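One structure, pasted below without further comment.
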Amino acid sequence: MSVLERITSQDAIALEDKYGAHNYHPLPVVLSRGEGVYVWDVEGKRYYDFLSAYSAVNQGHCHPKIVAAMIAQAQTLGLTSRAFYNDMLGRYEKYATETFGFDRLLPMNTGAEAVETALKLCRKWAYEKKGISENEAQIIVCNNNFHGRTTTIISFSNDEVARENFGPFTKGFIKVEYDNLEALESALKKNGNIAGFLVEPIQGEAGVHVPSEGYLAGAKALCEKYNVLFIADEVQTGIARTGRLLATCGNCRCADRHCSGSPEVKADILILGKALSGGAYPVSAVLANDGVMGVIRPGNHGSTFGGNPTAAAIAIAALEVVKEEGLAQNAHELGEIFREELNAFIPSCKLVNAVRGKGLLNAILINDSPESSTAWDICMALKENGLLAKPTHGNIIRFAPPLVMDKEQLLDCIAIIVKTLRQFEE
Ligand SMILES: *Cc1c(COP(=O)(O)O)cnc(C)c1O
């Protein structure tokens, strides 16, 4: 059999099962094509994608503008390493820093690498600018955080499955309760060696926890008071997902109407990934102003692929698509409809306790114990009915379609979700 011959779903699953490491537990669907809000399995069945590769595909599958930029650059110059300049990186850095309102950008590839970069940057700033003594810097993080999978990042996770037998862990992190300003201030007060506060503006993996109104602004004010860097991990919430270009929309200059009127907070260090490339390629970035980014000098940090011309061309196109197609505005409007419609349905449905979220990052909470398989079973039934979603921690189902969805498609999806939940009650 040729490796590229068409195969059945069953065969594809058997191959991964036999030859791959078992580090995921996928829904049994084998996808072979995607376009916009849709994906197709190898048998040709069409589904609405309600995960969007964990919000990497905000611009929709195989967006023609992003794919064209990728092909053109790949045919021209793919990778130079940072040993030399290339003619795309500076243009991308200018465009992205202007878009998000920061002085400088440090390019990386994956989200976890960008988080690692932000942590290193924060520590270096603490020693060289804040004056913390060597090896004493602490970074505050939140309970139930998700920031990626490296050894340092899992060092401050509370996900025991993600940590089990991977020690020894990295020191220098203090955990506080999420969405609790008193807990944050008490940690800041107790210790003079705090360098930064790392936070997800909405906790995605933990089950789409939206913090109380004013939490992020309050946390930012506390960081200012104690001279601590506010580090926003917007790998999942960024790039229009939550109805604004950034969930911490301090002074980004995006063109979305409702955005400019509601400034929330501006991070000292902003971490982006996932949809920064529209899912076409691994592209991540750390943004900061001169006072922070200035501590990084040649040799301090790097990546062979980070800032390569292909990544730069793709990221420019991916950000242009977000602006040109008004995806933040669309996510805002469709998100309102989604929660409104589900809130109208939930009182008549014993299986669902609540819907929550912002923009098109939403979740329903299933009325069953976190150990039960109900959320998984519902996702299996949703799949049969043509919609792909995945349970996240506990009995929670995250709903995050591509932001290029239109209202008619969204209503169609809501009908599928309602129909599926009704089937379950019978
Ligand atoms: C996905 C994610 C990451 C990690 O990104 P990878 O590209 O998988 O390394 C980090 N932070 C948040 C908030 C994420 O959602």
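Just so you know, these numbers come straight off a predicted model, no measurement behind them.
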Donor-acceptor pair, side chain of Asn367 and main chain of Lys350, under 3.5 angstrom: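 Such a contact is found between Asn367 side chain and Lys350 backbone.
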
Distance-only donor-acceptor check, side chains Gln423 and Thr420, under 3.5 Å: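 Note: Gln423 and Thr420 side chains miss the donor-acceptor criterion.
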
Whether Glu341 side chain and Leu411 backbone form a donor-acceptor pair below 3.5 Å: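 Judged by distance alone, no pair lies under 3.5 Å.
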
Salt-bridge contact Arg241-Glu234 (side-chain N to carboxylate O under 4.0 Å):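 No, no charged N to carboxylate O under 4.0 Å.
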
Centroid-centroid under 6.0 Å between Tyr38 and Tyr47 rings: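 No - the distance between ring centres of Tyr38 and Tyr47 does not fall below the 6.0 Å cut-off.
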
Note, Tyr92 side chain near Val283 side chain (heavy atom, < 4.5 Å):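 Yes, side chains in contact.
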
Between His61 and Asp49: side-chain donor-acceptor atoms closer than 3.5 Å: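 A donor-acceptor contact under 3.5 Å links the two side chains.
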
Between His63 and Glu325, a side-chain donor and acceptor under 3.5 Å: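 Their side chains do contain a donor-acceptor pair, which is all the 3.5 Å distance test asks for.
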
Stepwise side chain to side chain contact (heavy atoms under 4.5 Å, CB included) check, Phe173 with Leu119: CA-CA 10 Å; Phe173 299 96; Leu119 297 172; 3.9 Å; yes

Electrostatic pair Arg163:Glu160 at N-O distance under 4.0 angstrom: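 The answer is yes: the pair qualifies as a salt bridge.
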
Polar side-chain atom of Tyr178 near backbone of Glu200 as donor-acceptor pair, under 3.5 Å: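 Present.
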
Under 3.5 Å side-chain donor-acceptor pair for Lys220 and Thr248: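 No - no donor-acceptor pair under 3.5 Å links their side chains.
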
Heavy-atom pair of closest approach, residues Ala195 and Ala126: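 Scanning both residues completely, I find the closest heavy atoms to be CB-CB, 3.4 Å.
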
pair Asp268-Asn289: side-chain heavy atoms closer than 4.5 Å: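 They are not in contact (no side-chain heavy atoms under 4.5 Å apart), so the answer is no.
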
Check: Thr170 side chain, Ser155 main-chain N or O, donor-acceptor pair, under 3.5 Å: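 A pair under 3.5 Å: no.
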
Side-chain touch Val322/Asn58, heavy atoms, less than 4.5 angstrom: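 Side chain of Val322 against side chain of Asn58, heavy atoms only: no contact under 4.5 Å found.
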
Gap between atom CG of Leu342 and atom SG of Cys349 - 0.5 Å precision: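 So the gap between those two atoms works out to 9.5 Å.
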
Geometric cation-pi criterion, Lys266 with Phe230: 6.0 Å, 45°: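 Because its charged atom misses either the 6.0 Å distance or the 45° angle limit, Lys266 does not stack over Phe230.
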
Between Ser9 and Glu43, a side-chain donor and acceptor under 3.5 Å: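 Result is yes, a qualifying pair exists.
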
Sub-4.5 Å side-chain heavy-atom contact between Val355 and Phe338: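 Sidechains of Phe338 and Val355: in contact.
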
Modelled atom types, side-chain donor and acceptor of Gln236 and Glu205, under 3.5 Å: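 Per modelled atom types, Gln236 and Glu205 side chains form a pair under 3.5 Å.
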
Working for salt bridge (charged side-chain N to carboxylate O under 4.0 Å, His left out), residues Glu333 and Lys407: CA-CA 9 Å; Glu333 287 168 9; Lys407 189 178 166 185; over 6 Å; no

Test item: Ser212 side-chain N/O and Tyr215 main-chain N/O as donor-acceptor pair under 3.5 Å: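 Between the backbone of Tyr215 and the side chain of Ser212 there is no qualifying donor-acceptor contact (under 3.5 Å).
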
Euclidean distance, Leu351 CG relative to Glu425 CD, rounded to 0.5 Å: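 Between Glu425 CD and Leu351 CG, I get 5.0 Å after rounding to 0.5 Å.
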
Test item: Thr8 side-chain N/O and Asp11 main-chain N/O as donor-acceptor pair under 3.5 Å: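 Yes, Thr8 side chain to Asp11 backbone: donor-acceptor pair under 3.5 Å.
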
Polar side-chain atom of Arg356 near backbone of Arg339 as donor-acceptor pair, under 3.5 Å: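 Not confirmed, Arg356 side chain does not pair with Arg339 backbone.
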
Validation row: Ser284, Ile271 side chains within 4.5 angstrom (heavy atoms):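 Answer no - side chains too far apart.
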
Under 3.5 Å donor-acceptor, Gln73 side chain and Ile314 backbone: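 Checking the backbone N and O of Ile314 against the side chain of Gln73, no donor-acceptor pair under 3.5 Å is found.
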
Heavy-atom side-chain proximity of Val208 to Asn362 below 4.5 angstrom: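 Sidechains of Asn362 and Val208: no contact.
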
Spatial distance of atom CD (Glu324) from atom CG (Leu319) [nearest 0.5 Å]: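 CG of Leu319 is found 10.5 Å from CD of Glu324.
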
Reported CD1-to-CH2 distance for the pair Ile296 and Trp125, which is rounded to 0.5 angstrom: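 The CD1 atom of Ile296 sits 13.5 Å away from the CH2 atom of Trp125.
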
Close side-chain approach of Ser348 and Arg422, heavy atoms under 4.5 Å: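 They are in contact (side-chain heavy atoms under 4.5 Å apart), so the answer is yes.
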
Side-chain donor or acceptor of Gln203 paired with backbone N/O of His209 under 3.5 Å: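 Such a contact is absent between Gln203 side chain and His209 backbone.
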
Test side chain to side chain contact (heavy atoms under 4.5 Å, CB included) applied to Tyr48 and Met405, step by step: CA-CA 10 Å; Tyr48 284 105; Met405 182 161 273; 3.9 Å; yes

Min side-chain heavy-atom separation Phe100-Leu105 under 4.5 Å: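 Contact flag for Phe100/Leu105 side chains = no.
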
Results of side-chain hydrogen bond (donor to acceptor under 3.5 Å, both in side chains) for Asn109 - residues two or more places apart only: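 Partners of Asn109 by the side-chain hydrogen bond (donor to acceptor under 3.5 Å, both in side chains) criterion, ordered by chain and then number, come out as Glu113, Ser303.
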
Atom pair CZ (Phe156) and CD1 (Ile174), whose distance is rounded to the nearest 0.5 Å: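 Between atom CZ of Phe156 and atom CD1 of Ile174 there are 12.5 Å.
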
Pair Asp159-His393, side chain to side chain contact (heavy atoms under 4.5 Å, CB included): steps then yes or no: CA-CA 10 Å; Asp159 180 347; His393 285 107; 3.3 Å; yes

Residues which pass side-chain hydrogen bond (donor to acceptor under 3.5 Å, both in side chains) with Glu340, listed by chain and number, not counting sequence neighbours: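 Partners of Glu340 by the side-chain hydrogen bond (donor to acceptor under 3.5 Å, both in side chains) criterion come out as none, since no residue qualifies.
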
Derivation and outcome, side chain to side chain contact (heavy atoms under 4.5 Å, CB included), residues Val30 and Ile7: CA-CA 10 Å; Val30 180; Ile7 55 172; over 6 Å; no

N/O donor-acceptor pair under 3.5 Å between Glu93 side chain and Pro107 backbone: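 No; judged by distance alone, with no hydrogens or angles, the pair does not exist.
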
